[in-house]
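A short worksheet on the structure shown next.
These numbers were taken from a predicted model, which means no experiment stands behind them. So that the names make sense, note that chain A is the first sequence line, chain B the second, and so on, each numbered from 1.
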Protein chains: 2
Amino acid sequence: MLKKSVTIKEIAKELNLSVSTISRALHDHPSISAATRLKVKQVAQALHYEPNQAAVHFQKGKTFTIGVILPELSETFFAEALSTIEDIAYKRGYTILLGQSHDDEEKEKLLAEKMRAHRVEGLIVSLAKNTTDYSHFEQLRKYHIPVLYFDRIPPLKNIHHVSCNIETGSTEAVNYLLKQGHRNIALINGPASLLASKQRREGYIKALQKNRLKFDPALVVNCDLTEKGTKEALETLICLKRKPSAIIAFNDYVSSYAVKHAANIGLKINEDICFVSFANSPINQFMQYPPLASVEQFPAVQGQKAIDTLLDIINNKTEEEAYYRVVIDSELIEHQRNEIS
Amino acid sequence: MLKKSVTIKEIAKELNLSVSTISRALHDHPSISAATRLKVKQVAQALHYEPNQAAVHFQKGKTFTIGVILPELSETFFAEALSTIEDIAYKRGYTILLGQSHDDEEKEKLLAEKMRAHRVEGLIVSLAKNTTDYSHFEQLRKYHIPVLYFDRIPPLKNIHHVSCNIETGSTEAVNYLLKQGHRNIALINGPASLLASKQRREGYIKALQKNRLKFDPALVVNCDLTEKGTKEALETLICLKRKPSAIIAFNDYVSSYAVKHAANIGLKINEDICFVSFANSPINQFMQYPPLASVEQFPAVQGQKAIDTLLDIINNKTEEEAYYRVVIDSELIEHQRNEIS
DNA sequence: TTATTTTACGCAAACGTTTGAACGAGTTAA
DNA sequence: TTAACTCGTTCAAACGTTTGCGTAAAATAA
């Protein structure tokens, strides 16, 4: 059990001062003389005083806890985002209460409730893949718990969010491939319903238009992001009369599936067909044929912006309902080839 | 800010009872009549009463927080372990305070200190790769904070730990390859200093001995687990007069590097050379040539055991110094080939 | 000198909950 | 009839910290 730790009282007794003086001294309150401030701090050090956070939280009526609900911690993107979120939160004296929805809307609801019961002061949420009802989050407003949507955001008007502009990256991806001489560029996209899919598609189309190339709808196929779905999408593409020489995949996972299958059916990767994808995740490093380039979405930066703005919202108790909408640009990263061999 | 939430007092006023009665009623204290217990609970429900955790923590002198220090959240193994740790902890009313050492001993020290200052009631630690000094953790005992080492454990006598018996898996890996007809089986091991490396080596040797095969030290090479190191290890092996037809890699990451390089220098994977590895991590799913089999280390199970025993230790304040040493067996998982195509 | 301001500190209440001790009313034992 | 118990409840203190207000002493102004 936690042994009797030293309290402010003992410092007070030691110095024949009152507890309030100690408290103020430790917080550099101006009405305490520099001399006593010093003495107090010295004694506090000597006694290994550590403020009892539970007491502070209680008395301030704050929990200094912020909730983070993510779909899947084992996706590197989220793990990295969480990492910076946690770092910054800690530096500002906040603790993270973590929850994984595992892409399940029901679990997400439960977590939202749990967070509320725990009195988190704010919430960072990245939505489950198939969440269509957002009431469990919007309800938190009644309890004055600000919600900041992160990366996977809902199509709502009055929300705070931090997300990534996928369109720019998508455009860059196309431009990159055009520069390499490709003219038949396909896109293996995600489910049409996803905002993320729409953005990829938009960027893709805009890049073609900017370059005065015709957009061929046949070259864009949707898939459910599974290995099987990817395989089917790939087959659709290579059966086209206008066979693509390059494919932009929804993300690195999809890219890996596509590469695997393309190689299996005898295509020479990077000769017969090239790949570019999204996420720039570490799995590329383990691939036999990583994509030539991948659109970086900067999970760490997004995480940092997310926690920063949320803490901003929390600490500016101004009821003026302004909505923070932070969007960072994605960016195509070209991969070094053969850096090792 | 957190709006005036309902307190025990308001329930008391509502029912003309004292706060102590309410508190006891809500906790099913035997000295409260069943009738009032019911009434109290009904009113509590109606008013949406939620206990103020900060107040509870404060008054009980407990934080209900347990610290978890991991090397890297983006390694799936740890992410999965954390996932179950968090789940169970939450169910038992505990919150996780998370920290990543990023395999840096200094950061680890800082985190240990931070956890102490935060008054965690216990700590789950998976050591950084190169930590050799454990004093920052052993010091926590002075504050009566139990430390449970997890997976990456130190070579100390009197500690609690949960870890995985790698030896059994290593033996299984060799047996598996022997059954496939391989006689020259190599091992690309990690740094010799690691316990994990020793266990792999032990299992490897024992399997050979059981099968009355001679152990050839040349077939076991150490590497630093980087891509470059793996490449060098592989080259050493294929230059041997006794060229291996199968390689057991330290983990799936190392395996992927080795496969990549082997393919680059013209070897036919699964014909000229086969691979088996450890961790059974999801990256295999994205590989062109995943290992034929991988030793599962059950991160979720380990995580569960870890949090369970730690909570045990915390709540059995018996000062009797018994050390919990939970070891689960690893297990070779054969991968389906070509499940998709 | 006296009046006024400033400086440096102490007093005490408050935050919400838990819990040992006390207490009145009703029941049982003598 | 009184003593001893039981049952259900209340009282009040305690946990460690923060903070509005009060105040004595010192410094300044008149």
Side-chain angles (χ1 to χ4, degrees), chain A residues 1-41 43-44 47-65 93 117-119 121 143 315 317, chain B residues 1-41 43-44 47-65 93 116-119 121 143 315:
Chain A
M1 298 287 17
L2 316 192
K3 248 307 153 38
K4 291 262 41 149
S5 21
V6 313
T7 77
I8 230 174
K9 276 185 194 165
E10 290 156 56
I11 305 182
K13 198 162 298 173
E14 182 78 16
L15 288 169
N16 274 319
L17 289 172
S18 74
V19 289
S20 41
T21 302
I22 307 299
S23 174
R24 285 191 245 255
L26 290 172
H27 290 87
D28 285 318
H29 191 283
S31 80
I32 303 296
S33 73
T36 46
R37 278 220 279 269
L38 187 65
K39 276 193 300 181
V40 168
K41 287 182 183 176
V43 175
L47 264 48
H48 299 110
Y49 168 77
E50 299 277 0
N52 180 329
Q53 295 301 340
V56 175
H57 295 174
F58 167 55
Q59 115 80 28
K60 292 211 159 180
K62 296 189 62 173
T63 57
F64 290 96
T65 300
H118 212 283
R119 304 254 211 296
E121 296 186 25
Y143 298 89
N315 294 316
K317 37 205 84 182
Chain B
M1 299 292 32
L2 317 191
K3 248 309 153 36
K4 292 261 40 148
S5 20
V6 313
T7 77
I8 229 174
K9 275 186 196 163
E10 290 155 56
I11 305 182
K13 198 163 295 172
E14 182 78 16
L15 288 168
N16 273 318
L17 288 172
S18 73
V19 289
S20 38
T21 303
I22 308 300
S23 173
R24 283 191 245 257
L26 290 172
H27 289 86
D28 285 318
H29 191 284
S31 78
I32 303 295
S33 73
T36 45
R37 278 220 279 269
L38 186 66
K39 276 193 300 182
V40 168
K41 286 182 184 176
V43 175
L47 264 49
H48 299 112
Y49 167 76
E50 299 277 0
N52 180 329
Q53 295 301 340
V56 175
H57 295 173
F58 167 55
Q59 115 81 25
K60 292 212 161 180
K62 297 189 62 171
T63 56
F64 290 95
T65 300
R116 188 184 68 69
H118 212 282
R119 304 258 210 294
E121 296 186 25
Y143 297 90
N315 293 315

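- Among residues two or more places apart in sequence or in another chain, the side-chain contact (heavy atoms from CB on, under 4.5 Å) test is passed with N16(A) by none.
- As rounded to whole Å, 13 Å separates atom P of dC9(C) from atom CG of L26(A).
- At whole-Å resolution of the value, CG in L15(A) and C1' in dG10(C) are 15 Å apart.
- Between R37(B) and A55(B), it is R37(B) whose nearest contact on DNA chain D lies nearer the 5' terminus.
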Side-chain donor-acceptor pairs of residues 49-60 of chain B under 3.5 Å, sequence neighbours excluded:
| unit_1 | atom_1 | unit_2 | atom_2 | d |
| --- | --- | --- | --- | --- |
| E50(B) | OE2 | R116(A) | NH2 | 3.3 |
| N52(B) | OD1 | A54(B) | N | 2.9 |
| N52(B) | OD1 | A55(B) | N | 3.1 |

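- Between the C1' atom of dT10(D) and the NZ atom of K13(B) lies a distance of 16 Å, rounded to the nearest Å.
- Atom P of nucleotide dA14(D) and atom CG of N52(A) are separated by 17 Å, given to the nearest angstrom.
- Rounding to whole angstrom units, CD1 of residue I22(A) and C1' of dA8(C) are separated by 13 Å.
- For the OP1/OP2 pair of dG16(D) and a distance below 4.0 Å, the side-chain nitrogens and oxygens of T7(A) include no atom meeting the criterion.
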May I have the list of side-chain donor-acceptor pairs in residues 18-26 of chain A shorter than 3.5 Å, sequence neighbours left out?
| unit_1 | atom_1 | unit_2 | atom_2 | d |
| --- | --- | --- | --- | --- |
| S18(A) | OG | S20(A) | OG | 2.9 |
| S18(A) | OG | T21(A) | N | 3.3 |
| S18(A) | OG | T21(A) | OG1 | 3.0 |

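- Straight-line distance from the CZ atom of F64(B) to the P atom of dT17(C): 14 Å, rounded to whole Å.
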Please tabulate the protein-to-nucleotide N/O contacts below 3.5 Å involving nucleotides 19-24 of chain D, giving atom names and distances.
| unit_1 | atom_1 | unit_2 | atom_2 | d |
| --- | --- | --- | --- | --- |
| dG20(D) | O6 | R24(A) | NH2 | 2.4 |

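- Secondary-structure stems of DNA chain D, taken as three or more successive Watson-Crick or G-U wobble pairs (i with j, i+1 with j-1) under a 3.5 Å distance threshold, comprise C:1-30 with D:1-30.
- Of the side-chain N and O atoms in S31(B), none sit less than 4.0 angstrom from OP1 or OP2 of dT9(D).
- Between the C1' atom of dT17(C) and the NE2 atom of H57(B) lies a distance of 12 Å, rounded to the nearest Å.
- In this structure, OG in S5(B) is found 11.5 Å from CG in L47(B), a value given to the nearest 0.5 Å.
- Residue contacts shown for H27(A) are limited to sugar-phosphate atoms, with no base heavy atom under 4.0 Å away.
- Distance K9(A) NZ to dT18(D) P: 13 Å, rounded to the nearest Å.
- Using a 5.5 Å limit on the distance between ring centres and a 30° limit on the angle between planes, the aromatic ring of F58(A) counts as stacked on the six-membered base ring of dC15(C).
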E121(A) and T63(A): CA distance, side-chain angles, deciding distance, side chain to side chain contact (heavy atoms under 4.5 Å, CB included) verdict: CA-CA 7 Å; E121(A) 296 186 25; T63(A) 57; 3.5 Å; yes

Please test H48(A) against V6(A) for side chain to side chain contact (heavy atoms under 4.5 Å, CB included), starting from the C-alpha separation and ending with a verdict. CA-CA 7 Å; H48(A) 299 110; V6(A) 313; 5.7 Å; no

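- Partners of E14(A) according to the salt bridge (charged side-chain N to carboxylate O under 4.0 Å, His left out) rule, which considers only residues two or more places apart in sequence or in another chain, do not exist here.
- Under a 3.5 Å cut-off, the side chain of H27(A) and the backbone N or O of H29(A) do not form any donor-acceptor pair.
- Distances from the side chain of V56(B) to the nucleotides dG16(D), dT9(D), dT18(C) place dT18(C) closest.
- Residues D28(B) and K41(B) have side chains in contact (heavy-atom distance under 4.5 Å, counting atoms from C-beta outward).
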